[in-house]
K.L.:
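One structure, as structure tokens, below. Some questions next.
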Amino acid sequence: MKGTRYTPLEIEKKWQERWEKEGTWKVEVDDKRPKYYVLEMFPYPSGNIHMGHVRNYCIGDVIARSKRMDGFNVLHPMGWDAFGLPAENAAIKNQVHPAAWTYSNIQAMRAQLKTLGYSYDWSRELATCRPEYYTWEQRFFLRFLEKGLVYRKEAPQNWCPSCHTVLANEQVIDGKCWRCDSDVEQKDLTQWFLKITAYGDELLSDLALLEGKWPDRVLAMQRNWIGKSTGTLVSFPLEAPIGDTTDITVFTTRPDTLFGVTFLTIAPEHPLVESLIAGNEHEDAIKAFITKTRNLDRLLRQSDTLEKEGIATGAYCIHPLTGKRIPIWLGNFVLAGYGTGAVMGVPYADQRDFEFAKKFNLPVLPIIEPEGGVPENQTEAMTNPGRLINSGEFTGMESEAAKKAITEKLEAAKKGSATAQFRLRDWNISRQRYWGAPIPVVYCKKCGIVPEKEENLPVLLPLDLKVREDGRSPLPEEDSFAVCTCPRCGGPARRETDTMDTFMESSWYFARYTSAREEQRAFDEKAMNYWLPVDQYIGGVEHAILHLLYARFFTKALRDLGIYPKNLDEPFANLLTQGMVLKEGSKMSKSKGNIVNPAEMIERYGADTVRLFCLFAAPPERDFDWSDSGIEGASRFLSRVWRLFVENKDLFTPMHACGAGETDAVTPVLRELRRKEHETVKKAREDLVSRFQFNTAIAAIMELVNTMYLCREKLGDTNEEKRVFTSAMATVLTLLSPITPHLCEELWEAMGHTTSLCKERWPALDESALEKDVVTIALQVNGKLRGTMDVPGGSGKEDLEKAALSDASIQRHTEGKNIVKVIVVPGKLVNIVAK
RNA sequence: GCGAGAGUGGCGGAAUUGGUAGACGCACUGGAUUUAGGAUCCAGCGGGGCAUCUCAUGGGGGUUCAAGUCCCCCCUCUCGUACCA
């Protein structure tokens, strides 16, 4: 410690250098110690650290540092999600190569992160665009291929015209591209898919393992996204079979309403439509309807205000149980991509079918008896389950039983089967982009699709290409990359020129951190077994579906391939979704010009102040508004801690800092200070380690500092006084060190300690110090506060009751009343029930 | 519509198992010190009467000796999602 002024920038530099030089944050597997893996979602190297990053990493760092003080062997790594489109856009704009742009951004951002003093084990740093990273991903891809978990198919795909690439379903938000907000188009393409649906059931059921450990809303979002619904497939035989096709199959969750079917509705995109309408006298009108519906804007078609439209095909099918003729209609509300693209029309029990039937004058057949009987003039569908009527042999059954019985009957007649539908679709991982990991397969005229040989991996992304001005990938036209020989027959072949979705890289990076420098394998088994799963994952809620669902799927798939430990079902044991940092109530953005630059704040106040404010302003999961006066307050507090030390330097000497005292703290002031100190130890530790409520931990430490200021004036300089005051100071520094590590290290050293504060454990809690000489008891009459009284700590029930009854205020409020009951909660209150 | 979360001073937020509502901080007001201050210190700070008291945690009921906290009904806001059959 040089002078008496608090000079954060100097102090912070000093400690950051020392930590780095001493390798303070390097960790290794240690079987003798319990492990704790805390991870913040790694950043995309956009070039600048923003406040959202700072908040995210502050939360992670406090947890990491707190868990270390709790005795855990803590893994806390950092890396870069380095493939992706912005690099290509920047390349076009600034005439630099995406790689150069990315690596220089990483360098700049790493330097910025380092000024914040985060306790990362930088020796494990990784960047996903490096071949030594994506080579493993290519291997995983080939293993998936072998296992049938990855396949190629042609299907209508989400196409972003501005990014010139396809998007996975999860990456289409409100019909727009998740990244650039352009309207997404549909395009028929052959693409690579990962069979995430094979894990649909497990992805859904394992959410139960995360209950209480992940935020409810994230669990709910995943549940909705997977969208499992159980029901029955029902085949309706066609009156006039079309070639080999004899039935139209529908999916329903309400087989109990099967007897209420009066029509079938199919999507205009249904494969049978053309044959069904062939020869119909209104064929032209029907075709016009199909064209009109198909051309409707996707967004518009899915909006709830869209009027139900339809047209009869003129074709009929036969009800599988009653044998009735059922007309087949086209409907604009039937989705081709869900279920079978055909639904049975039960206007009595389904609101959409009801509206459709009313509009086109189709019959409504009551099949469930509601309470109070079937209404005369039905105005809406009767969607509640109940007792069946008009349902043949099933009449009289309750809906639930009927669902089962009807499905069994259909199964016996080979007219249907129980099934489950998922909303979840397979994950399209092909991207028509340059800056991504190459997909390691080739196309051979003779052999077809051939996986690249393992010894030829990685398939290197060529770095000597120029990004095309129009944004399209240069890979397909680059013969040195695309033209190759077939790994099987040696003949001429073409390499796959699509690259992998960047969400592939982020689906397994957390595991690579356990053995980031391993060259022979993706993971060192011992390290992976020791560190995984991530104990605490921290990031924004915007990844609730995309990244978190993909990573969960990857984990299960790699587990089943024997690559991950076989008991690793979920990658992230606990999840904290931190809130956003706002400015004047809205998200910081360049266009609004309301960006607060972390670098400027650090320069002005120091990293410790920025860290303190980010954690103090709000609980971590809540949004908070950046406030310029708020950070002033944080800065003021740290100066107060600093001054507390320098103005009382003579009270703090190493002699007094170590060892227990010879006598107990005697004076009331000392006892009070000692009590406050240990109350704070208890509260702050719990808030930091278990509750993750950093704002209240800080508030408690502020209270202790306030108490020390008050006590200081009443203190002399006896050894006893020095000892108690020194202990309190040491406690402030220790408790505060996960939050503002530099300042605390500096003062800790100034107190005469020769070892670093970050090697310390929490101060020992002395329960006896918590005992109070005098407690204040609330006095109530009929639950209303009527006063307080001070009594000796540990007073018994009778004493409290007696004392309360003799209290003047109590007597006034109970005067003329009958005391019915007296409730005494020792240490808290006395409530007198009087009538 | 469905799902999740949230409504507490001028503001951010405390109150962890039902037990003194408003901790801690910001802003504000008055005072001290100062050449001056955006530095520091002291005091005040939910509303009404301003003393005894009283009303207050989105609204209305209920349970309880006691409710921000538990139960029922309703309102508002935020996020997600949606002709999913």
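The structure presented is a predicted model; accordingly, all values stated were derived computationally and were not measured. First the proteins, then the strands, lettered A, B, ... as listed; each starts at 1. Quick note: numbers below take in every heavy atom, side chains included, and nothing from hydrogens, waters or symmetry partners.
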K.L.:
Both A:Glu703 and A:Pro619 contact RNA chain B. Taking the nearest nucleotide for each, which residue is further toward the 5' end?
P.N.:
A:Pro619
K.L.:
Go through B:G80, B:A23, B:A14 for me and flag the one nearest to the A:Met221 side chain.
P.N.:
B:G80
K.L.:
Taking atom C1' in both B:U29 and B:G10, what distance in whole Å separates the two?
P.N.:
13 Å
K.L.:
With P as the reference atom in both, quote the distance from B:C77 to B:A66 in angstrom, rounded to an integer.
P.N.:
35 Å
K.L.:
To the nearest Å, how far apart are A:Glu632 CD and B:G25 P?
P.N.:
16 Å
K.L.:
Using a distance-only criterion (donor-acceptor N/O pair, under 3.5 Å, no hydrogens), is the base of B:U16 paired with the side chain of A:Lys683?
P.N.:
yes
K.L.:
Output the rounded distance in Å from CH2 (A:Trp626) to C1' (B:C26).
P.N.:
14 Å
K.L.:
Need to verify one output field. Residue with the more 5' nearest nucleotide on RNA chain B, A:Asp216 or A:Ile698?
P.N.:
A:Asp216
K.L.:
May I have the distance from A:Glu584 (atom CD) to B:C11 (atom C1'), rounded to whole angstrom?
P.N.:
14 Å
K.L.:
Expressed as a whole number of Å, how far does the P atom of B:A6 sit from that of B:U20?
P.N.:
22 Å
K.L.:
Side chain of A:Arg636, heavy atoms from C-beta onward: which of B:A15, B:C24, B:U40 has the nearest atom to it?
P.N.:
B:U40
K.L.:
Applying side-chain contact (heavy atoms from CB on, under 4.5 Å) to A:Ile819 and A:Leu805, what does each step give before you reach the verdict?
P.N.:
CA-CA 10 Å; A:Ile819 294 175; A:Leu805 289 172; 3.8 Å; yes
K.L.:
Grab the CE-C1' distance between A:Met702 and B:G25 for me, whole Å please.
P.N.:
6 Å
K.L.:
When you measure from the side chain of A:Ala778, which nucleotide among B:C24, B:A82, B:U20 comes out closest?
P.N.:
B:U20
K.L.:
Measuring from the side chain of A:Asp687 (C-beta onward, heavy atoms only), which nucleotide among B:C24, B:U16, B:U20 has the closest atom?
P.N.:
B:U16
K.L.:
Got a salt bridge between A:Lys683 and A:Glu679, using NZ or NE/NH1/NH2 to carboxylate O under 4.0 Å?
P.N.:
no
K.L.:
Remember a base hit wins even if backbone is also touched, and classify A:Val833 as base, sugar-phosphate or nothing at under 4.0 Å, heavy atoms.
P.N.:
sugar-phosphate
K.L.:
Return the pairing partner of B:A56 with a 3.5 Å limit on both distances, Watson-Crick or G-U wobble; otherwise return none.
P.N.:
none
K.L.:
Counting the benzene-type ring for Trp, do A:Phe356 and A:Phe263 have ring centres under 6.0 Å apart?
P.N.:
yes
K.L.:
With rounding to the closest Å, how many angstrom separate the P atoms on B:U54 and B:G38?
P.N.:
43 Å
K.L.:
What distance, rounded to whole Å, do you find between the two C1' atoms, one in B:C2 and one in B:G68?
P.N.:
29 Å
K.L.:
Looking only at side-chain N and O atoms, does A:Arg643 come under 4.0 Å of OP1 or OP2 in B:A39?
P.N.:
no
K.L.:
Please pick, from B:C41, B:U20, B:G13, the nucleotide with the shortest atom-to-atom distance to any side-chain atom of A:Arg640.
P.N.:
B:C41
K.L.:
Roughly how many Å apart are B:G18 and B:C71, using the C1' atom of each and rounding to a whole number?
P.N.:
13 Å
K.L.:
Between B:G80 atom C1' and A:Ile545 atom CD1, what is the distance in whole Å?
P.N.:
7 Å
K.L.:
Which listed nucleotide (B:A85, B:U16, B:U54) is nearest to the side chain of A:Arg691?
P.N.:
B:U16
K.L.:
Tell me which nucleotide among B:C84, B:A23, B:U20 gets nearest to the side chain of A:Arg423.
P.N.:
B:C84
K.L.:
For A:Arg223, is there an ion pair with A:Glu211 - N to carboxylate O distance below 4.0 angstrom?
P.N.:
yes
K.L.:
Could you tell me whether the side chain of A:Asp608 and the main chain of A:Leu743 form a donor-acceptor pair under 3.5 Å?
P.N.:
yes
K.L.:
Expressed in angstrom and rounded to an integer, what is the separation of A:Glu679 atom CD from B:C24 atom C1'?
P.N.:
15 Å
K.L.:
Measure CG/A:Asp625 against P/B:G10 and give the value in whole Å, please.
P.N.:
18 Å
K.L.:
Using the ring centroid of each side chain, check whether A:Tyr348 and A:Phe259 are separated by less than 6.0 Å.
P.N.:
no
K.L.:
If B:C41 has a Watson-Crick or G-U wobble mate with both distances under 3.5 Å, name it; if not, just say none.
P.N.:
B:G31
K.L.:
Compare side-chain N and O positions of A:Arg786 against OP1 and OP2 of B:U54 and report whether any pair is under 4.0 Å apart.
P.N.:
yes
K.L.:
From C-beta outward on A:Arg352, which listed nucleotide comes closest to its side chain: B:A14, B:U20, B:C83?
P.N.:
B:C83
K.L.:
In whole Å, what separates the C1' atom of B:A67 from that of B:G61?
P.N.:
14 Å
K.L.:
Choosing from B:U20, B:A85, B:C24, which nucleotide comes nearest the side chain of A:Phe616?
P.N.:
B:C24
K.L.:
Output yes when A:Glu647 and A:Arg712 qualify as a salt bridge under the 4.0 Å nitrogen-oxygen rule, no when they do not.
P.N.:
yes
K.L.:
Does A:Lys784 make a side-chain N or O approach to OP1 or OP2 of B:C55 shorter than 4.0 Å?
P.N.:
yes
K.L.:
Which whole-number value in Å describes the distance from A:Leu258 CG to B:A85 P?
P.N.:
17 Å
K.L.:
So which nucleotide does B:C83 pair with, by the Watson-Crick or G-U wobble rule with both distances under 3.5 Å?
P.N.:
none
K.L.:
On a whole-Å scale, what distance lies between the C1' atoms belonging to B:A21 and B:U69?
P.N.:
11 Å
K.L.:
What nucleotide, of B:U20, B:G19, B:A85, holds the atom closest to the side chain of A:Thr253?
P.N.:
B:A85
K.L.:
Which is it for A:Ser229 and A:Tyr338 under the side chain to side chain donor-acceptor pair (under 3.5 Å) test, yes or no, and what are the steps along the way?
P.N.:
CA-CA 11 Å; A:Ser229 60; A:Tyr338 186 77; 3.0 Å; yes
